[in-house]
2 protein chains.
Amino acid sequence: MQNRLTIKDIARLSGVGKSTVSRVLNNESGVSQRTRERVEAVMDQNSFSPSRSARAMRGQSDKVVAIIVTRLDSLSENLAVQTMLPVFYEQGYDPIMMESKFSGKMVEEHLGMLQRRNIDGVVLFGFTGIDEATLGPWQSSLVLLARDAAGFASVCYDDEGAIITLMQNLYDSGHRHISYLGVPHSDVTTGQRRHDAYLAFCKQHALPVVASLPGLSMKQGYEQVASVLTPQTTALVCATDTLALGASKYLQEQRIDSLQLASVGNTPLMKFLHPEIITVDPGYADSGRQAATQLIEQINGRSEPRQIIIPATLS
Amino acid sequence: MQNRLTIKDIARLSGVGKSTVSRVLNNESGVSQRTRERVEAVMDQNSFSPSRSARAMRGQSDKVVAIIVTRLDSLSENLAVQTMLPVFYEQGYDPIMMESKFSGKMVEEHLGMLQRRNIDGVVLFGFTGIDEATLGPWQSSLVLLARDAAGFASVCYDDEGAIITLMQNLYDSGHRHISYLGVPHSDVTTGQRRHDAYLAFCKQHALPVVASLPGLSMKQGYEQVASVLTPQTTALVCATDTLALGASKYLQEQRIDSLQLASVGNTPLMKFLHPEIITVDPGYADSGRQAATQLIEQINGRSEPRQIIIPATLS
DNA sequence: CTGTTAGCGCGTTCAA
DNA sequence: TTGAACGCGCTAACAG
């Protein structure tokens, strides 16, 4: 790169001292209006921008954050990431991306890198198997997504509300035999909470319970859907849209089209392939925005870690 | 963060001068074996790692690269990104992600940010509408993916080879009426080159040409597939798996199952939903690895910009 | 082979 | 309200 100019140059060009330029740069008080304007003029006249590394070295922040997704090709996480990127850019933060692949060990490694790198903050997409102890040092500069943990900021989906919304909707349409395809309880949010909500609804309305919790892959939905179908079944609720995709494939192959499907998750792919499926949007887009905003506020010391719950909406 | 130690501390602790520590750090010659070992011992005894910002300021590189994808939720680009991340990590580079959304203007903005940020290099997923002029300053530190441009390093897919492979495969299975669903020529690679390959094959083997070039969305595949079906048609080649997904949905709805589908693209989603479709893998995974490797070599001055073509393989 | 010295671009005193 | 001087952690040029 060509030798860019420094605050020294700006100072010389506008006939002031370095520190005055520094003050203008950081919007500090104690500079006369006239001087400030003059310096600012020179600055954008030469489209000056201060060296990030130099500021970083002076203890200021580097303005870099990390986003650790479980998988780059997760449809839902993509939606969240898409909304947080603009927030970060706008505030001058560079987001670096990492993939955990649901491995606690990878998360540890990545966090290690980030710590050495002296990064400002992290958005971590949670999953079962994260050791909360390893997150310790990040308590004040980490936002957990889709999972919560004591003492950490988090943005969660309303698992219970999402399932209840679906169930109520089906119930109101006259369905009385609603099966459930979900995720094992080892996954607290997507697994246990959603399943519990299903069970609670069934109990409250005296509906028969027919459920299976195979996992969260399409393949598992495909293979296990048969096990929750009884002759009376008229509707099926899936804990995730991925499971629903797997289930539909099976139903399509078996030419079963009398079943009303419903699922949590509102990805474009799903909407296109199966518009007939009733879905609730857990608020992926919102969650990204909120997580980014919360993280920035924490970094700036304008907010304590807090837990945010995104409301689910029928879509 | 807590106050970490500096080379000065390491120097003191191991009883040498700062510059000796610096030399050891950078694997420079001119340090006796004994001294080197002693310093290294002290270093990892205190798990020392040098301040990146300080090195960056000293003209060294910051070790940050950017990956500009068209869309975060592109299935194919995801595959490529997944393989390049590990390469970057391994070499100590932090990859920051950006999304262009197929907008030349966004690319410009992003590159502007990156230039101010004094970044080391960029992997740019190409698309129609990128103004090559704006890429000028990056000539030596940019790798273009899925597109080529004179003077720039690029990693491209073998568009022609991919289509020919599919066509030949279908031809060998006895198909003589093969339709084509593709992308307009405004897109040079996915659009023109693949279509041209189809036309060439048809001409060479005296096959009838039935083609339409609606675009690259699923919806367009869904809506346009009917227009390329004749009573004689026994096979359909799609330029991308996204188009193929759209087409299959239509065919499924119409209960047409006598048609052999084939497409370029080998994403897991496709493999699961439609294993019956013949696909060629354009080498997404390879392309990511190669792009990352090439970029790093360029940054280190160990390679000139060069054009790499990834071979397509039947999968 | 090794230590000393001098900056890099910026923020932060401290006088003026 | 301003500027001069100093130091951050590191590399580079120069002595020894």
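Just so you know, these numbers come straight off a predicted model, no measurement behind them. Throughout, a chain's letter reflects where its sequence line sits, starting with A, and its residues are numbered from 1. Keep in mind that the numbers below use all heavy atoms, side chains included, and drop hydrogens, waters and symmetry copies.
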Asks: Atom CD1 of B/Ile7 to atom C1' of D/dC8: distance rounded to whole Å?
Replies: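 In whole Å, D/dC8 C1' and B/Ile7 CD1 are 12 Å from each other.
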
Asks: Going by modelled atom types, is there a donor-acceptor pair between the base of D/dG3 and the side chain of A/Thr20 at under 3.5 Å?
Replies: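 By the distance-only test, no, there is no pair.
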
Asks: Tell me the closest heavy-atom pair linking B/Ala56 and A/Ser53, and the distance in Å.
Replies: CB-CB, 3.6 Å

Asks: In terms of the nearest nucleotide of DNA chain C, which residue is placed more toward the 5' end: B/Ala54 or A/Val21?
Replies: B/Ala54

Asks: Counting any heavy atom closer than 4.0 Å, what does A/Thr35 reach on the DNA or RNA strands: base, sugar-phosphate only, or nothing?
Replies: sugar-phosphate

Asks: Atom NZ of B/Lys18 to atom C1' of C/dC8: distance rounded to whole Å?
Replies: 12 Å

Asks: D/dT11 P sits how many Å from B/Arg55 CZ, rounded?
Replies: 5 Å

Asks: When B/Ile67 is tested against each of B/Leu124, B/Leu85, B/Ile96 for side-chain contact (heavy atoms from CB on, under 4.5 Å), which residue passes?
Replies: B/Leu85

Asks: Which whole-number value in Å describes the distance from A/Arg52 CZ to D/dG9 P?
Replies: 20 Å

Asks: Want to settle it: does A/Arg58 or A/Val31 sit nearer the 5' end of DNA chain D, counting the closest nucleotide to each?
Replies: A/Val31

Asks: Which whole-number value in Å describes the distance from B/Asp9 CG to D/dC8 C1'?
Replies: 13 Å

Asks: Among D/dG9, D/dA4, C/dG3, which nucleotide sits nearest the side chain of B/Arg23?
Replies: C/dG3

Asks: If you only use heavy atoms from C-beta on, which nucleotide in D/dT11, D/dG3, D/dG9 is closest to the side chain of A/Val16?
Replies: D/dG3

Asks: Rounded to the Å, how far apart are B/Arg116 CZ and C/dG9 P?
Replies: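 The answer, rounded to whole Å, is 19 Å.
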
Asks: In terms of the nearest nucleotide of DNA chain C, which residue is placed more toward the 5' end: A/Glu28 or B/Arg36?
Replies: B/Arg36

Asks: Name the nucleic acid region contacted by A/Ser22, choosing base, sugar-phosphate or nothing; use a 4.0 angstrom heavy-atom cut-off, strictly under.
Replies: base

Asks: Classify A/Ser19 by what it touches in the nucleic acid, base, sugar-phosphate, or nothing, heavy-atom distance under 4.0 Å.
Replies: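 Touches a base.
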
Asks: Hey, are A/Ser103 and A/Ser100 close enough side-chain-wise for a donor-acceptor pair under 3.5 Å?
Replies: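 No, A/Ser103 and A/Ser100 have no side-chain donor paired with an acceptor closer than 3.5 Å.
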
Asks: I'd like to know if the side chain of A/Lys63 reaches the main chain of A/Asp120, judged simply by a donor and an acceptor atom lying under 3.5 Å from each other, with no hydrogens or angles considered.
Replies: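 The answer is no, because no donor-acceptor pair under 3.5 Å joins these two groups.
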
Asks: Does a donor on one side chain sit under 3.5 Å from an acceptor on the other, for A/Thr70 and A/Glu77?
Replies: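 Yes - a donor-acceptor pair under 3.5 Å links their side chains.
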
Asks: Check whether any side-chain N or O of B/Ser32 sits under 4.0 Å from OP1 or OP2 of C/dT2, and answer yes or no.
Replies: yes

